[in-house]
Number of protein chains: 2
Amino acid sequence: MGQRRTEVLRAAIELLDEAGLDALTMRLLASRLGVRASALYRHYPSKQALLDAMVASLVGPASVPEEGTWEESLRGAASGMREVMLAHRDGARLISGFHHPGDEAVAVFTRLVEALAGAGVPAEGAAVAVDTVLAYANGYTIEEQARKTEWPRAERDRAFDAGLELIIGGIRTSLP
Amino acid sequence: MGQRRTEVLRAAIELLDEAGLDALTMRLLASRLGVRASALYRHYPSKQALLDAMVASLVGPASVPEEGTWEESLRGAASGMREVMLAHRDGARLISGFHHPGDEAVAVFTRLVEALAGAGVPAEGAAVAVDTVLAYANGYTIEEQARKTEWPRAERDRAFDAGLELIIGGIRTSLP
DNA sequence: ACCTGAACACCGTTCAAGT
DNA sequence: ACCTGAACACCGTTCAAGT
């Protein structure tokens, strides 16, 4: 049944990558599918609903590793978030622009807090730590993707990791 | 001479606060000024140019304290950035959406790096530290302002400060 | 110097109607 | 179930013309 819905979603992500978020228009998307814009409203009630579905689909694969130290969990979640955003044109703007609590994001958060708690980090400190790492990853990546002046990916990775280790070091020394 | 230009800018910021970034329309702004939209193009060559001017005017007051420890400089810059964003409706989206290197932002950055260097922090480490703190402040505030579910300002301040201290602690322990 | 009027090429969205 | 045609109420921007 609703497989045309999936096709619309796929085409929307394709158009995002090719033309960017500002050019992602219901009318243009429809013409890519050989259809009129009004036909899209059979599948998504609004453009916003389509954008929400895109975010969910891009962010879905983000996860936190099941095992390892809390340092590894934090690193994996932060890098995974950044990877997801960098994987698509305007990914950071799209994802950070509309991420209400968002089911999946909440799950990642609680899983991380549990990982820290399991390693003996007090609950309150764990929540702050996770919040801080995720805010950093979002902030870094938004700025990274907004800047036109592309310095090489390898150097951007190094700078991101250096900041991440700084925060992890801070968490470690805040432990009892 | 160009004082009507300033009036347009002031009205634009007023409209931003009252109606939000999405409702900030050349046509609506013009009607607020008792004028047609086309008249605005005498003062700003495009809507984007107006938005740039708004960012410059909001972010201008942001500064880093002249004296104090490097910890205080970092705290001041991060809190100042957040304050500026929170001071206007959709401030985070507007500012983070278009901040090319931006004269003033570059000055803040270099002033902070110098403050750390003056305190004996090696140049490379100082740049990473400043980048990390600013990325955190941006990331935290964007998320804070995007979330509808308002928890009290005092608690949000506390959470922001806790993350900031975590990072500052990490910087401190990374010192030689 | 500043503004109007009219136009151009677009938007998102709705809704009756078709197959 | 899926799509068309036509419309509605908007956009940003340009440009000749007015004062």
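Note on naming: letters A, B, ... go to the chains in the order of the sequence lines (proteins, then strands), and numbering restarts at 1 for each one.
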Runs of at least three consecutive Watson-Crick or G-U pairs, both distances under 3.5 Å, are what I'm after; which ones involve DNA chain D?
C:4-8 with D:12-16, C:12-16 with D:4-8
C/dC3, OP1 or OP2 - any side-chain N/O from B/R4 closer than 4.0 Å?
yes
Give a yes/no on whether any side-chain N or O of B/H43 is located under 4.0 angstrom from OP1 or OP2 of C/dC3.
yes
If the condition is side-chain contact (heavy atoms from CB on, under 4.5 Å), which residues does A/H43 pass it with, not counting sequence neighbours?
A/R4, A/R5, A/V8
Nearest 0.5 Å, what's the OG1-CD distance between A/T141 and A/E83?
9.0 Å
A/D157: side chain to side chain donor-acceptor pair (under 3.5 Å) partners, not counting sequence neighbours:
A/R82, A/R153
Among residues at least two apart in sequence or on other chains, which ones pass side chain to side chain donor-acceptor pair (under 3.5 Å) with B/E165?
B/R75
Whole angstrom is fine here: how far is it from [atom1] in [X] over to [atom2] in [N]?
X: A/L40; N: D/dC3; atom1: CG; atom2: C1'; result: 11 Å
X: A/E7; N: D/dC3; atom1: CD; atom2: C1'; result: 14 Å
X: A/R5; N: D/dC3; atom1: CZ; atom2: C1'; result: 17 Å
X: B/R36; N: D/dT14; atom1: CZ; atom2: P; result: 19 Å

For residues 35-48 of chain A, which residue pairs pass the salt bridge (charged side-chain N to carboxylate O under 4.0 Å, His left out) check, not counting sequence neighbours?
none
Within residues 12-20 of chain B: residues closer than 4.0 Å to DNA chain C (heavy atoms):
none
Those residues at least two apart in sequence (or on a different chain) that pass salt bridge (Lys or Arg N to Asp or Glu O under 4.0 Å) with A/R10 are A/E14
Counterpart residues, salt bridge (Lys or Arg N to Asp or Glu O under 4.0 Å), relative to A/R158 (two or more places apart)
none
Which nucleotides of nucleotides 7-12 of chain D have their base under 4.0 Å from a protein heavy atom (B), which only their sugar-phosphate (S), and which neither (-), written as one string 5' to 3'?
B---BB
By ring pair (Phe, Tyr, Trp, His ring centres under 6.0 Å) - contacts of B/F160 (at least two apart)
B/Y136, B/Y140
Linking Ile, Leu, Val, Met, Phe, Trp and Tyr by side-chain heavy atoms under 4.5 Å, what else ends up with B/L86?
none
Write down the atom of A/L50, the atom of A/A12, and the distance for their closest heavy-atom approach.
CD2-CB, 4.0 Å
Please tabulate, for the side chains in residues 18-28 of chain A, all donor-acceptor contacts under 3.5 angstrom to protein atoms that are two or more places apart in sequence or on a different chain.
unit_1 : atom_1 : unit_2 : atom_2 : d
A/E18  : OE1    : A/R32  : NH1    : 3.3
A/E18  : OE1    : A/R32  : NH2    : 2.9
A/D22  : OD1    : A/R93  : NH2    : 2.8

For a quick check of understanding: with a heavy-atom distance under 4.0 Å over all strands, which category does A/R42 fall into, base, sugar-phosphate or nothing?
base
